Amino acid sequence: MAAMGGPVPRQLEAALQRGRDAKAGGNQAFKAAKYGEALRQYYAAIMLLKGLDTTVSEGTTKVKSETERAVKEEVAKILIDCYNNMGATHLRLKNWRRCKACCDQVLENDPENTKALFRRGQSLLNLGDIDAAEIDLESAARLDPKDSKIQAELRRAREMRDEDAARRRADWRERFANPIWPHR
């Protein structure tokens, strides 16, 4: 990681590599449809990197700050990838709330992450929060207007919203057509 501006201490580089390896292991497990193992690997990567001390003590002030910035950026990218991948895994397992929570983590740091917006939209739709799902899916569609999967899910959200509105209108019509008390 010398391209970052200066040498990274061996201990820090070793911790980063363990995080990268855990993420790669999660990716392999996901591709093999071993979702429990994928989640364990992504979680391990997150735990390895979340509390990592990225302070560099050697070198000039400029080199140290450039190196620290680069290390922090790499850690942030790996964390975003792991949370995004955990979201995809939970989506496959139909763990809608957990998928949403993972996507929330991604969007906290990268509000225009199309994958996280799309996955959170799918989760919200399956949780019955049609309005919030539609907002996320519209945002994802704005960011990637050519993605047919996003467009299809957005259509589904709009259809569900329209069906829900029609169902509520019919319910109100029925309530007023059949009063509970007799009229005099």
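Since the structure is predicted, the reported quantities are computational estimates derived from the model, not experimental observations.
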**OP:** For N95 and T89, run side-chain contact (heavy atoms from CB on, under 4.5 Å): C-alpha distance rounded to whole Å, both residues' side-chain angles, the deciding distance at 0.1 Å, then the answer.
**Re:** CA-CA 9 Å; N95 294 333; T89 306; over 6 Å; no
Let me confirm one number: the [atom1]-[atom2] distance from [X] to [Y], rounded to the nearest 0.5 Å.
X    : Y    : atom1 : atom2 : value
R142 : L137 : CZ    : CG    : 11.0 Å
L16  : Q11  : CG    : CD    : 11.5 Å
E37  : Q28  : CD    : CD    : 10.0 Å
R98  : C103 : CZ    : SG    : 14.0 Å
I46  : I78  : CD1   : CD1   : 11.0 Å
R20  : R18  : CZ    : CZ    : 11.0 Å

Original post:
So among R40, H90, R92, which one has a side-chain hydrogen bond (donor to acceptor under 3.5 Å, both in side chains) with Y35?
Top reply: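 So the option named by the test is R92.
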Under 4.5 Å between side-chain heavy atoms, hopping through other hydrophobics if needed: is there a path connecting [X] to [Y]?
X    : Y    : answer
I150 : W96  : no
L93  : L124 : no
V106 : F118 : no

**OP:** Search all heavy atoms of C82 against all heavy atoms of A45 and return the closest pair with its distance.
**Re:**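 Closest pair (atom of C82, atom of A45, distance): SG-CB, 3.7 Å.
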So, are [X] and [Y] salt-bridged, with charged N and O less than 4.0 Å apart?
X    : Y    : result
E13  : R10  : no
R168 : D171 : no
D81  : K77  : yes
E73  : R69  : yes

**OP:** Flag yes if more than 12 heavy atoms outside E112 fall under 6.0 Å of its CD atom; otherwise flag no.
**Re:**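 12 or below, so no.
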**OP:** Verify, without hydrogens or angle tests, whether R120 (side chain) and D136 (backbone) share a donor-acceptor contact under 3.5 angstrom.
**Re:**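 No; judged by distance alone, with no hydrogens or angles, the pair does not exist.
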Original post:
Any donor and acceptor pair, going by atom type alone, linking the side chain of N113 with main-chain N or O of A116 inside 3.5 Å?
Top reply: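 Checking the backbone N and O of A116 against the side chain of N113, a donor-acceptor pair under 3.5 Å is found.
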Original post:
Mind checking who shares a hydrophobic cluster with L107, ILVMFWY linked at side-chain heavy-atom distances under 4.5 Å?
Top reply: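 Grouped by the 4.5 Å side-chain rule, L117, L143 form the rest of the cluster around L107.
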Subject >> Heavy-atom check, side chain of K23 versus side chain of L49, under 4.5 Å >> reply: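 SC-SC contact between K23 and L49 ruled out.
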Original post:
Below 4.5 Å, heavy atoms only, C-beta onward: do N85 and F30 meet side chain to side chain?
Top reply: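 When only atoms from C-beta onward are counted, F30 and N85 do not touch, as no gap falls below 4.5 Å.
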**OP:** Indicate whether any N or O donor in one side chain lies under 3.5 Å from an N or O acceptor in the other, for N27 and Y42.
**Re:**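 Present: a donor and an acceptor within the cut-off.
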Original post:
With a 3.5 Å cut-off and no angle check, do the side chains of Q105 and N109 form a donor-acceptor pair?
Top reply: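 No, no side-chain donor-acceptor pair sits under 3.5 Å.
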Side-chain donor-acceptor contacts of residues 126-134 below 3.5 Å, not counting sequence neighbours, with atom names and distances?
from : atom 1 : to   : atom 2 : distance (Å)
N126 : ND2    : Q122 : O      : 2.9
D129 : OD1    : A132 : N      : 3.3
E134 : OE1    : R161 : NH1    : 2.9
E134 : OE2    : R158 : NE     : 3.4
E134 : OE2    : R161 : NH1    : 2.5

Subject >> Residue pair Q151, D147: steps toward the side-chain contact (heavy atoms from CB on, under 4.5 Å) verdict >> reply: CA-CA 6 Å; Q151 295 299 330; D147 188 315; 5.9 Å; no
Subject >> Stepwise side-chain contact (heavy atoms from CB on, under 4.5 Å) test for L91 and S123 >> reply: CA-CA 7 Å; L91 196 63; S123 294; 3.8 Å; yes
Original post:
Going through the distances and angles, do R97 and K100 end up as a side-chain contact (heavy atoms from CB on, under 4.5 Å)?
Top reply: CA-CA 5 Å; R97 290 186 199 297; K100 181 191 173 299; 5.7 Å; no
